[in-house]
Number of protein chains: 2
Amino acid sequence: MAQLQADGVRRAPLNRDRVLRAAVALADDNGIDAVSMRNLAQELGVVPMALYKHVANKDELLDGMVDVIVGEIDPPAGGSDWKPAIRRRILSARRALLRHPWASRVIESRPRPTLVVLDYLNSIVGMFRAGGFSADLTHHVMHALGSRVWGFTQELFPGSPLPADPELAATMFRDLAGRYPHIAEIVTSAAAHDDGSVVGGGCDDQFEFEFALDLLLDGFDRLHRQGWTSRGQA
Amino acid sequence: MAQLQADGVRRAPLNRDRVLRAAVALADDNGIDAVSMRNLAQELGVVPMALYKHVANKDELLDGMVDVIVGEIDPPAGGSDWKPAIRRRILSARRALLRHPWASRVIESRPRPTLVVLDYLNSIVGMFRAGGFSADLTHHVMHALGSRVWGFTQELFPGSPLPADPELAATMFRDLAGRYPHIAEIVTSAAAHDDGSVVGGGCDDQFEFEFALDLLLDGFDRLHRQGWTSRGQA
DNA sequence: ACCTGAACACCGTTCAAGT
DNA sequence: ACCTGAACACCGTTCAAGT
């Protein structure tokens, strides 16, 4: 992985941007656990301590990595209607996150938002306000959206529950159905609407994300039109 | 923190349950970062390797800690109406999680559900089915609920954004308002409905959680009554 | 057979010694 | 003044030596 470097050949000097991009590439290629200060330094052909001139510590490195990903989210498109505009923006964030599978975990783990993160959130809040939402309703609506503004949801059954081998999958499914009949039933129902096979290989995450997003946006729309306030409906 | 032990005094022999309870207590008292195999062993007055007879490795320890917390969730109460029954159960899960602030982070981090976790999820699925929901709709509804079945949401602004000192808070608020006017506005609106002060000390998390939960449950109810299916409405 | 201390291969970060 | 190797205080886990 680490690029060889002939003696005497000078590397372009490090800067914060190169450090962050290398960290993102390393996480993309080898997973987030591969992003240690020592490992990243080796990847860049420098001594670990050299990184500390460009990021104060590992937390700042992770914040910077998040900022790189947030930078990949499309800016708001024109259009006066708040619902399709917000929907499109959030699905753009989702595409950025799907390109970097480690990013949602890192976003969740950050205790404080960076300036870049605040910019993104501020602009989403602004889109609700431009759509005529009261500050009060917008506040609650942002909380209800939660991590979905980033285009991800906390999955209850991460990874595919069943192995690829169909025979082994059938056995495990019978086990599952015996102990957890209700879960087995809804796993089956999901597979049925995909390709008709009895044992599902997993869920259509994009469908599930849009289902929940639209349910929320429709709910917001209804409350907005009813003139909802936190003191009681008008 | 570690209990002193006189020479020759025999401790009750370790077992899996005592290990898990000690880990939960350690996380409650000193935070989840204090739960290392070495630190936990010291707390129990044993050598680190002694733990490995009761849990295979650290991942299994964390799974076991989650199981302890899931065990604190009230069993389903009687009653034929699915909505209040599910609402009550999820709010019970929330109370368990609030008693152990580290638990939501650990739940999020587990790559596979344990048997105890599957039991809880299976019973929630069963409550929707008992309420007359189709397997198809129940599937999507469980995804839409996401981590909210555990009684938590990923917070966008974790911690209180402003310091306790009112003068310092006012200065920081002016900074915030300059760069992020929309965010400043909804922070203000939240405070206003609490106690009328201009600068909010934070949000009412319980209100926000119930707002989003009810919005979702109401949405589920509406789809259910419309006979919604993933192939298109009936 | 059972238990456990030392060791291994890592961390993030500090700091003093070297150029 | 700048850079960096060694060191510090940790990890989870393996393994062989000791009882």
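Order of the sequence lines fixes the chain letters, A, B, ..., with proteins taken first and strands second; residue numbering starts at 1 for each chain. Computed from a predicted structure; not experimentally measured.
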For this session: Just call it for A/M49: base, sugar-phosphate, or nothing, with non-hydrogen atoms closer than 4.0 Å on any strand.
Result: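 Base, at least one base heavy atom under 4.0 Å.
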
Problem set entry | Gap in Å between the two C1' atoms, one belonging to D/dC3 and one to C/dC15, rounded | 13 Å

Rounded to whole angstrom units, what separation is found between the [atom1] atom of [X] and the [atom2] atom of [N]?
| X | N | atom1 | atom2 | value |
| --- | --- | --- | --- | --- |
| B/K58 | C/dC11 | NZ | P | 16 Å |
| A/D59 | C/dT13 | CG | C1' | 12 Å |
| B/N39 | D/dC10 | CG | P | 9 Å |
| A/R38 | D/dC11 | CZ | C1' | 12 Å |
| B/L62 | D/dG12 | CG | C1' | 12 Å |
| A/L51 | D/dG5 | CG | P | 13 Å |
| B/K53 | C/dC2 | NZ | P | 8 Å |
| B/H54 | D/dG12 | NE2 | P | 18 Å |

Problem set entry | Which nucleotides of DNA chain D pair, in dot-bracket form (Watson-Crick or G-U under 3.5 Å, | meaning another strand) | ||.|||||...|||||.||

Exercise. Any side-chain donor-acceptor pair under 3.5 Å between A/H139 and B/E185?
Worked result: no

Exercise. Hey, what's the ring geometry for B/F211 with A/H140, parallel, tilted or perpendicular (30° and 60° as the breaks)?
Worked result: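 Because their plane-to-plane angle lies in the 30° to 60° range, the rings of B/F211 and A/H140 count as tilted.
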
Seminar exercise, completed: On DNA chain D, more 5' by nearest nucleotide between B/D33 and A/A50 is A/A50

Can a salt bridge be assigned to the pair [X] and [Y] using a cut-off of 4.0 Å between side-chain N and carboxylate O?
| X | Y | result |
| --- | --- | --- |
| A/R95 | A/D74 | yes |
| A/R105 | B/E108 | no |
| B/D119 | A/R179 | no |
| B/E60 | B/R16 | yes |

Problem set entry | Residue B/V47, side-chain heavy atoms: nucleotide from C/dC11, D/dC11, C/dG5 that is nearest |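 That would be C/dG5.
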
Problem set entry | CA sep, side-chain torsions, deciding dist, call: B/R110, B/D63, salt bridge (charged side-chain N to carboxylate O under 4.0 Å, His left out) | CA-CA 7 Å; B/R110 302 288 76 218; B/D63 277 340; 3.5 Å; yes

